[in-house]
Amino acid sequence: MSSVKLTPQQEAISAHTDGPALVFAVAGAGKTTSILHRVQRLVRDKVFPAGRILTTSFGVGNVRDIKNGLQQWPACQKVDVRTLHSLGWEILRTARKQGLTQVNLQRDAGSIEEQTNRLYFRTLAVARQRQVDFKEELDTVDRTDFLDYVGRCKGNLAYADLAQADLPAAGKSIAGQAKPPVHLSWYLDLYRLFEAVRQEAQVITYDDMVMSGWELLIRHPELLSQLQNRYQAILVDEYQDINLAQSTLIDLIAKPHRNLMVVGDDDQTIYEWRGASPNFILGFAKRYQAQTYLIDENFRCPAGPLLMANRVIRHNRRRRAKELRLTKGFGGRISVRASSDPLQMGHDIAAEINRLRQNGVELDEIAVLVRLNGQTPPIEQALIHRNIPYQISLPFYERPEITALVQYIRLAWVENHMRSSQAITAAMGKSAAEAWRQIANRPKRYFKRELIDQISHQLRRLEQRPSLVLHRAAGKIRQEWRQSHLLELSDHLIWLSKQLERKASLTLKTLEVRLDYLRYLRENSGFIETGEARAAGVEAFLSYARQQGSTLELVQTLRQLAEERAAVTREKLPSLTISTIHQAKGLEWPVVFIPQCNDGLLPFQGPLSENPEEERRLMYVALTRSSRDLFVYYANDLPVSPYINESGWADVRQAFRFVSQHLAQSVTKWSQDDVIRFLVEVTELRLASFFLNWWRPPPEELAAARRLVQATFQDQPHKLKSCSPELLSFFVDGM
């Protein structure tokens, strides 16, 4: 049996027996603990049989934590703990057993992801066979981007062809017609064909699990009734992250008994661009007439990060008003620092990390959280040169939008090499062919695979300069526009081959303009977020190039960085984490760095700035990842982030330091003026609850503090009028 002592707020959640309930749980509030103890109490008190309780969430990690936590109580072993996608899969499996669907649920042919990829390539083949109007797009389509678009549509019950879906009335009132991305109207046509091919093959993708499960329930009342009878109580974690399909599925199952508790934090809704919406959690209480609970005591962050997070997030209007309440005291460090520019910032962060290591901090206790992947080049370079191991989803020099530019330079180098009549090697031919394949349709030129293969074969032999290969290939093509693209690319290579000894920043910037590369990146994604992030990554790379000498020196630096990182990685040493804020949600580290807190990055400017509240929620999530030390950096060459101003840190810092420094010394050294300022500052910082509920000084110190406050209150009561009445009562009356 667990010996964890619950707080009164957690006890209230655990004590909730039946009926709808909404739990607002702030970051670091111990919501998993609350969930576990509620489930355990329901089973222990025989409110519901363990096998009739469903505990679910969108995230695999959340489900794993709940499942592992319930292991401590043998009576809870039969509680059904699964992801929402797993729930959809179970509905499909049950429906197939009952002959209600013929979908293929066999996984022997490979994973769901592999099946989806095969389905995607089959769709492209069918599109080519049918000579669809958008056939020229098929050689340049980004598979991951398109499948992400399909996933978002299905998560929001947006059908490729709503009129053909043949939904019952209950479904038609909720589902909608999918819309194509702004610059990719043909995505919708490809989505329609993808669905036709999928349905013909009776295949279920990951994104179909919830949507198809919902469809089966609204089409077959007897199946819905079985599921409703199976679960007598439902608990949904991370409710702020769910989309329309998931919310609707849960509503259907819970409809008869309404024993539904949802847990989440609207202030951490950071996936609106992917289909989540804070409206689901903010509107739940009204929709269900639900009992509402709040757990706002934060067990992760010390006072510094907590203060900044509270003061930033309160500027959002579409939220449930609440604040993180302090439990961990005033330990740790918080620092808001300026660097001259992003490159210097990378060196500053690496130097600080080395100082932390010298003071005993392990690398796996440190995280660097960025708004966009494009911010990482100067940080990665500084870490690599200092032999500081780090882990990241993809190093900047391996990202496709950046490697494409590098491959232009590599092919231009071969052009330059051959122009100067230097010796040719087989390795150069292989490099030229590989570079050509990466740049042929970046940006889009609509070159066919056959043409790309032919030119690749010629480049591998290197019997002619690359520009001449392209020029002669153009003469064999009938379509004038394809000829034009090849001739233009040939000219680009000739020009670029003459720029290799010139400044990398000027060369790359001019190349970007010639290619109109940033516009291409922004307009060729089903997600505004993705396109903008890729473009921002290239812009950051162009900025990074300003400090790298010539164009060839830049390429050599990138090769050296890759080799140095590979050498460090081979040693398999503990490493720090570089992560986007999105990826960091739900995680924590003792030490967190947030670089480039500048306007334009936090918040990110562009089309995404149409949702400023989500950008502010991202900052809130970043600030609340630290369990000890927080370092916030901004560059002096750009406007500072408004969030730093919103946090009021310049004003709060003095008060924060005064309170923390006085807590670190004996109360017997305080004067009455110290007492007055201490109580006033604590009140203004909104930290009184910490002293009422969590402050645990030695008994003699507490007694001395109370005597001093009582004496000050008797001598100068007028100076304590602005103090928290509860705080004064705690000291003066001993309550």
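Fair warning: this is a prediction, and the values are worked out from it, not measured in the lab. For reference, positions follow the sequence shown, starting with 1.
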| 4.5 Å side-chain heavy-atom contact, P612 and P603 | no
| message | We want to know whether T507 and T551 form a side-chain donor-acceptor pair, criterion being a heavy-atom distance below 3.5 angstrom. | response | yes
| query | Under 6.0 Å between ring centres, would you say that holds for W413 and Y408? | reply | no
| request: Say whether Q583 and T580, considering side chains only, have a donor N or O and an acceptor N or O under 3.5 Å apart. | output: yes
| remark: Only residue of W670, F330, F678 satisfying ring pair (Phe, Tyr, Trp, His ring centres under 6.0 Å) with H662 is W670
| said: Could you report the tightest heavy-atom contact between A404 and Y517, atom names first, then the distance? | reply: CB-OH, 3.5 Å
| request: Check S647 against M308 and note the closest heavy-atom contact, atom names and distance. | output: OG-CE, 3.5 Å
| query | Would T7 and Q9 count as having a side-chain donor-acceptor pair, cut-off 3.5 Å? | reply | no
| What do the steps show when you test Y544 against F396 for ring-ring contact (aromatic ring centres under 6.0 Å, His included), and what is the final call? | CA-CA 11 Å; Y544 169 79; F396 76 93; 5.4 Å; yes
| Distance-only polar pair, side chains of R559 and Q556, donor-acceptor under 3.5 Å | no
| Testing D266, N310, D296 for side chain to side chain donor-acceptor pair (under 3.5 Å) with K322, which one passes? | D266
| Quick check: does any side chain N or O of R625 sit under 3.5 Å from a backbone N or O of V621, one acting as donor and the other as acceptor? | yes
| note | What one should report as the nearest heavy-atom pair of P595 and I349 is CB-CD1, 3.8 Å
| said: I need the minimum non-hydrogen distance between K31 and N62, along with the two atoms involved. | reply: NZ-ND2, 3.9 Å
| Hey, is the main chain of S550 close enough, under 3.5 Å, to the side chain of E553 for a donor-acceptor pair? | yes
| field | Modelled atom types, side-chain donor and acceptor of T668 and S666, under 3.5 Å | value | yes
| said: Looking only at side-chain N and O atoms, does H385 offer a donor or acceptor that is under 3.5 Å from a partner on E564? | reply: yes
| query | Does R565 make a cation-pi contact with Y390 (under 6.0 Å, within 45 degrees of the axis)? | reply | yes
| query | Is the side chain of E362 donor-acceptor paired with the backbone N or O of P574 at a distance under 3.5 Å, no angle test? | reply | no
| query | How far apart are the closest heavy atoms of T712 and Q672, and which atoms are they? | reply | OG1-CG, 3.3 Å
| Ring-face cation of R706 near F730 (centre distance under 6.0 Å, axis angle within 45°) | yes
| request: Run the ring-centre check on Y643 versus Y620 and record whether the distance is less than 6.0 Å. | output: no
| Heavy atoms of other groups near E113 CD, more than 12 under 6.0 Å | no
| Aromatic F631 / basic R337 pairing, under 6.0 angstrom, 45° off normal | no
| query | Counting N and O atoms only, with roles assigned by atom type, does the side chain of E297 sit under 3.5 Å from a partner on the main chain of L324, one being a donor and the other an acceptor? | reply | no
| task | Keeping the roles fixed (side chain from T530, backbone from S525), state whether a donor-acceptor pair exists under 3.5 Å. | result | no
| message | Is the shortest side-chain heavy-atom distance between N298 and L326 below 4.5 Å? | response | no
| request: First locate atom CZ of R319, then atom CD of E613, and finally report the distance between them rounded to the nearest 0.5 Å. | output: 9.0 Å
| query | Taking atom types as modelled and ignoring hydrogens, do the side chains of D265 and Q240 form a donor-acceptor contact shorter than 3.5 angstrom? | reply | no
| field | S340 side chain to N636 side chain, donor-acceptor N/O pair below 3.5 angstrom | value | no
| Any donor-acceptor N or O pair under 3.5 Å, side chains E380, T376 | yes
| remark: dist Q661:CD -> D674:CG (nearest 0.5 Å) comes out at 11.0 Å
| query | Just by distance, with hydrogens left out, do N354 and Q358 show a side-chain donor and acceptor under 3.5 Å apart? | reply | no
| message | Under the criterion salt bridge (charged side-chain N to carboxylate O under 4.0 Å, His left out), I'd like the reasoning laid out for E532 against R522: C-alpha separation, chi angles, the key distance, then a yes or no. | response | CA-CA 5 Å; E532 288 292 333; R522 289 189 171 104; 3.3 Å; yes
